[in-house]
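The structure appears right after this line, and notes come after that.
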Amino acid sequence: MSSCQVCSLKAGHPGVVLDEQQVCNLCNLDFASDLLVNYRYTSDVFVEFQQAPPATGTDYDCLFMYSGGKDSTYMLDKFANEYGKRVLAFTFDVPFESEHAARNIELAKAKIPATFVLDADDDNIKLMMREVFNRPAPVKPGKYLDEKLPCVSCRTFFVLRAILMAYREKIPYIALCADPQQILTMQSNVREVVRDFYRTFGERLTDTLFGGQLEELLFDDDENLPKIVFPFIAMRHEYDPDRIVEELRAKGLYQSSPLETHCTLFPLLNLYSFKNWDCMFYKLNAASHVRSVKRNADYDRNTFSIKFPRSLDLADVEARMGEVVLAIAAGEGDPDAHEKTLVELFQRMDATEDAARFVAKSFLDMRQTAADLGIRLS
Ligand SMILES: [Zn+2]
């Protein structure tokens, strides 16, 4: 199969088209005009939010989606301590995530003057994930991000929970700390987020998952709907993950972990993207990294939160990872050999040995994780 000469994305990757020179539409910046529109919109909304007087009829100026990760901790501190906003810090307890973010949340509670709420809905988010994974193979050629559908759906699920809370409490803004690379992956309009979800999951399942509450948002006036603010995208020129960590450490707001935001579904997310789209889960991120390195010989800065080594033979790493992932899912091959291969591959992608071992173990447990959730692997 042919792949992009610059970033190595394959011809069949959802949303990717190669031209006669074998260069893909992402490398050709076909999204440039969309990007400009998105950037202008997010910048305008952010300025509007910063200049807005305290909201009336509610106790909060914004609902802040707070994960406990470095990006959102950094920005929550700014919102409350620097901008003087009255913030409702909203954390959704994702049942698939490891719990170490909880420590950072405790540190934040002690030092950041905000109201903290913890939301959860294990049954419905699991029901949704089961449905996504157990669907028949998707129709080709697919659209941008289809290879990440389970992950995108999970994030959308808790963004919708936050939207519903802001809507009920009449909080005018929702802050979402997507990193600047995610600009093309996020809907900025609340009604569009709701519509997309209905499109993906259908009316019946959507109404089951949200108890019929989303429908009201489709028909209410614009002025009654919260607006989504993306502070990192608005401030993209200043985004520097290493400096963020440094500042947070100095303030005693952060304890890093080599397994930062580890999702227990990561092996299954990879199985999904290999099985349906013949690519690894982080392919777009890795391709974007390869593109930046090729375009700029001095490239040494991260503009998004996942790190990759400077030189990376992406095609080779991906092919070997795909073989192992599909073998584990099928219950084939020798687990020790699989583990050894995975540890080596993750280390080549810049993981420490500890982190590589931890993640490799979770891949070996893939069949059990799937069985626990009612996900069929065959
Ligand atoms: Zn490309």
Side-chain angles (χ1 to χ4, degrees), residues 1-40 42 137-152 155 178-187 230 232-233 236-237 239-241 266 269-323 325-326 345-346 348-351:
M1 190 188 281
S2 54
S3 49
C4 174
Q5 298 297 306
V6 182
C7 73
S8 94
L9 280 172
K10 290 177 201 161
H13 194 96
V16 166
V17 184
L18 302 186
D19 66 12
E20 306 92 80
Q21 278 79 45
Q22 303 294 301
V23 176
C24 79
N25 51 330
L26 294 178
C27 289
N28 280 329
L29 288 174
D30 283 357
F31 288 126
S33 61
D34 289 354
L35 261 181
L36 278 182
V37 172
N38 281 2
Y39 279 145
R40 199 170 304 135
T42 51
V139 180
K140 307 290 158 90
K143 54 184 198 310
Y144 190 64
L145 283 182
D146 273 359
E147 81 283 10
K148 289 186 173 182
L149 182 65
C151 179
V152 170
R155 183 180 61 190
D179 74 44
Q181 289 273 335
Q182 292 175 312
I183 176 82
L184 281 168
T185 73
M186 313 291 295
Q187 277 287 7
F230 297 96
F232 280 116
I233 295 172
R236 63 197 171 279
H237 303 299
Y239 184 75
D240 178 349
F266 186 57
L269 295 175
N270 275 285
L271 175 64
Y272 183 92
S273 51
F274 276 117
K275 202 169 73 177
N276 293 306
W277 300 102
D278 189 28
C279 69
M280 63 183 197
F281 176 74
Y282 278 138
K283 185 59 176 288
L284 279 179
N285 309 71
S288 153
H289 172 80
V290 171
R291 188 179 304 130
S292 310
V293 171
K294 284 213 179 141
R295 290 238 162 105
N296 177 1
D298 301 321
Y299 175 82
D300 65 348
R301 213 188 113 193
N302 283 299
T303 51
F304 53 101
S305 42
I306 304 156
K307 290 191 176 186
F308 293 98
R310 227 190 119 69
S311 67
L312 172 68
D313 184 348
L314 186 52
D316 179 55
V317 167
E318 182 175 62
R320 293 181 58 202
M321 190 165 154
E323 278 171 29
V325 165
L326 294 173
L345 292 175
F346 295 141
R348 273 169 68 185
M349 287 190 284
D350 232 17

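Position 1 is the first residue of the sequence; numbering continues from there. This one's a predicted model, so the numbers in the text were calculated from it and none came from an experiment. Side-chain atoms are counted along with the backbone in the values below, which use heavy atoms only and exclude waters and symmetry mates. Counting starts at 1 for both ligands and their atoms, following the listed order.
Trp277 carries Lys140 over the face of its six-membered ring, with the cationic atom under 6.0 Å from the centre and within 45° of the normal.
Contact of the Arg348 side chain with the Asp313 side chain is registered, since non-hydrogen atoms from C-beta on lie closer than 4.5 Å. Looking at Val325 and Lys275, their side chains never come closer than 4.5 Å, going by heavy atoms from C-beta outward.
Between Glu318 and Lys283 there is a salt bridge, with a side-chain nitrogen of the basic residue lying less than 4.0 Å from a carboxylate oxygen of the acidic one.
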Inset, instruction - Go through the steps for Tyr282 and Phe266 under the test ring pair (Phe, Tyr, Trp, His ring centres under 6.0 Å), then give the verdict. - result: CA-CA 10 Å; Tyr282 278 138; Phe266 186 57; 5.5 Å; yes
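With 3.5 Å as the limit, one finds a donor-acceptor pair spanning the side chains of Lys148 and Asn285.
Around the Zn ion (ligand 1), protein N, O or S atoms at less than 2.8 Å number 4.
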